[in-house]
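Data first, discussion second: the structure below is written as structure tokens.
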2 protein chains.
Amino acid sequence: MDRAHMDVKRRRVAKGGQAERAGSRDPERTRASILAAATAEFAENGIGGARVDAIAERAGTNKRMLYHYFGDKEQLYLAVLEEAYIDIRTAEKSLNLSDLSPEQGVAELAMFTWKYFLEHPEFLSLLGTENLHRARWLRQSTRLKELHSHFIDKLADLLDRGKAKGLFRVDADPLNVYLTIAALGYFYLSNQHTLTTIFGRELADEANLEAWKRHIVQVTLASIRR
Amino acid sequence: MDRAHMDVKRRRVAKGGQAERAGSRDPERTRASILAAATAEFAENGIGGARVDAIAERAGTNKRMLYHYFGDKEQLYLAVLEEAYIDIRTAEKSLNLSDLSPEQGVAELAMFTWKYFLEHPEFLSLLGTENLHRARWLRQSTRLKELHSHFIDKLADLLDRGKAKGLFRVDADPLNVYLTIAALGYFYLSNQHTLTTIFGRELADEANLEAWKRHIVQVTLASIRR
DNA sequence: CCAGCCAGTAACTAAACGGTTACTTTGTGG
DNA sequence: CCACAAAGTAACCGTTTAGTTACTGGCTGG
């Protein structure tokens with residue numbers, strides 16, 4: 001056999017759109033590939049419906065590696081959840097609300113959140129799964145408790161500026177504002193399949209998505225304006 | 001054995017709060033008991049996590065009866081889903097919006113929806129599960145397609161009365177109003193576990209629940225008022 | 001009054017599942 | 001250059017799972 005002489009340091013190029021498959025002898029990539037495959041599998045099937053064999057196959061590797069890197073199915077799920085939260089909080093950091101007027105800042109936060117939810121359906125799905133289990137894994141996670149919401153403070157500052165200018169109600173609460181934004185986006189997207197089936201409006205159509213984004217901004221601002 | 005002489009037509013009284021157990025020789029009750037047990041099991045664990053054995057045990061019967069009445073696990077899930085939708089639409093019929101002023105009517109609908117969600121966590125959970133699977137079973141269901149939303153029409157009438165009086169914006173859309181009400185209630189309750197963990201506010205506290213109900217009413221009205 | 005049918009039980013089965021074992025391959029430092 | 005550790009493979013294992021079989025008990029109508 002001369003297979004040993006081939007494939008030296010040559011790495012497979014990831015095919016567009018698909019999760020990267022594990023390369024040979026590249027632990028970093030194998031780990032990442034398993035995590036990506038697990039994210040998709042857990043998001044599509046929930047924790048009870050996800051299959052360890054399916055994850056290994058999607059990752060282009062085998063179960064042994066999955067257990068090698070992540071311990072067991074539950075720890076792998078936790079790693080997926082942690083990564084998902086870290087990703088959104090990291091993305092939120094790119095928002096610079098302090099440069100904007102209070103109204104623009106709230107509008108920007110609402111549009112950012114909407115866009116993030118729209119582009120990351122797997123995040124919404126994982127949230128749903130985690131809540132089904134009453135945040136059992138999230139509560140365990142030490143990593144995520146620290147993550148907290150430094151970001152609620154930034155929103156509080158924004159609201160305070162608006163209150164000082166007499167634009168916003170003095171009782172406007174930052175967590176309530178965020179919950180309002182998140183609720184309107186989350187429900188529309190995560191429940192779109194049952195809603196579309198029952199009410200017969202194609203919620204996923206471009207025009208409807210755009211209209212709902214405007215609706216979120218309008219509603220959020222209306223709820224805090226004096 | 002004289003077991004045969006006991007238990008004649010004597011039926012077990014359901015214990016408070018718990019799902020009724022199947023009685024002997026009472027097909028109606030056995031069926032209902034399996035359905036109640038399945039509702040709880042699917043709501044707690046999702047479709048992939050629900051166990052047929054667990055359902056049979058919770059129902060106080062055995063698997064054979066479950067397959068006898070419902071065919072298989074998926075058909076049982078569909079029966080649970082159908083019942084859950086029929087229950088909420090039936091409850092909605094008790095709302096008499098036409099007797100109220102437009103503003104009172106919208107407020108009443110919002111409070112009704114909130115109360116229903118609060119008292120039926122299993123319904124929220126089943127919605128989440130069904131959406132995870134892209135409404136796969138709901139779309140199959142012929143029973144539910146007919147159910148539709150006769151109720152959106154009643155809301156449209158209410159809005160029209162408000163528009164005629166110059167109270168509501170002429171572009172206020174009934175489906176959007178309902179989505180707004182449902183979104184704010186659904187997200188707060190179904191995601192309460194992750195939200196409470198991350199943001200450290202006990203969303204399930206009585207005072208917070210009451211405040212959020214008022215928030216929903218206020219936000220909904222603010223979004224349609226001229 | 002009993003034949004037949006329906007409710008109900010328990011033990012079983014084949015397949016799928018999460019997790020492990022025994023093994024091979026390969027890059028790297030002494 | 002080779003010993004060793006880490007990466008990777010595939011076949012395997014015990015358990016759990018959805019679904020079935022073979023059976024019992026008892027109500028009902030002819």
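The chains referred to below are lettered A, B, ... by the order of the sequence lines, with proteins before strands, and numbering in each begins at 1.
Atom CD of A:Glu57 is separated from atom P of D:dG8 by 17 Å (rounded to the nearest Å). At whole-Å resolution of the value, CD in B:Gln75 and C1' in D:dA18 are 14 Å apart. We find that CZ of B:Phe70 is positioned 16 Å from P of D:dT20, with the value rounded to whole Å. Following rounding to the nearest Å, A:Asn62 (CG) and C:dT25 (P) show an atom-to-atom distance of 15 Å. Going from atom CG of A:Leu66 over to atom C1' of C:dT20 covers 13 Å, rounded to whole Å. For B:Met65 and D:dA18, the CE to P distance is 18 Å, given to the nearest whole Å. Remark: P of D:dG8 and NE2 of A:His68 are 8 Å apart, rounded to the nearest angstrom. Between the P atom of D:dG19 and the OH atom of B:Tyr69 lies a distance of 19 Å, rounded to the nearest Å.
Scanning atom types as modelled, one donor and one acceptor separated by under 3.5 angstrom connect the side chain of A:Arg64 and the base of C:dT21.
In this structure, A:Thr61 does not reach the D:dG8 phosphate: none of its side-chain N or O atoms is under 4.0 Å from OP1 or OP2. Look at A:Thr30 and you won't find any side-chain N or O under 4.0 angstrom from OP1 or OP2 of D:dA7.
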Using a cut-off of under 3.5 Å, enumerate the N/O to N/O pairs linking the protein to nucleotides 14-18 of chain C.
residue	atom	partner	partner atom	Å
C:dC17	OP1	A:Arg51	NE	2.7
C:dG18	OP1	A:Ala50	O	3.2
C:dG18	OP1	A:Lys73	NZ	3.1
C:dG18	OP2	A:Val52	N	3.1
C:dG18	N7	A:Lys63	NZ	3.2

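The closest side-chain heavy-atom distance from B:Thr61 to B:Leu66 is not below 4.5 Å. For the pair B:Leu124 and B:His120, the minimum side-chain heavy-atom distance is 4.5 Å or more.
Qualifying side-chain contact (heavy atoms from CB on, under 4.5 Å) partners for A:Leu132, counting only residues two or more places apart in sequence or in other chains: B:Ser125.
Between the side chains of B:Thr180 and A:His215, at least one donor N or O lies within less than 3.5 Å of an accepting N or O.
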What verdict does the ring pair (Phe, Tyr, Trp, His ring centres under 6.0 Å) test give for A:Phe187 and B:Tyr186, after you've listed the backbone C-alpha separation in whole Å, the side-chain angles of each residue and the deciding distance to 0.1 Å?
CA-CA 7 Å; A:Phe187 180 77; B:Tyr186 181 93; 5.3 Å; yes

Please list, one pair per line, the donor and acceptor atoms closer than 3.5 Å that link side chains of residues 110-117 of chain B to other protein atoms, with sequence neighbours excluded.
residue	atom	partner	partner atom	Å
B:Thr113	OG1	B:Leu109	O	2.8
B:Tyr116	OH	B:Ile88	N	3.3

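Across all their heavy atoms, B:Glu130 and B:Tyr77 have their closest contact at OE1-OH, 2.7 Å.
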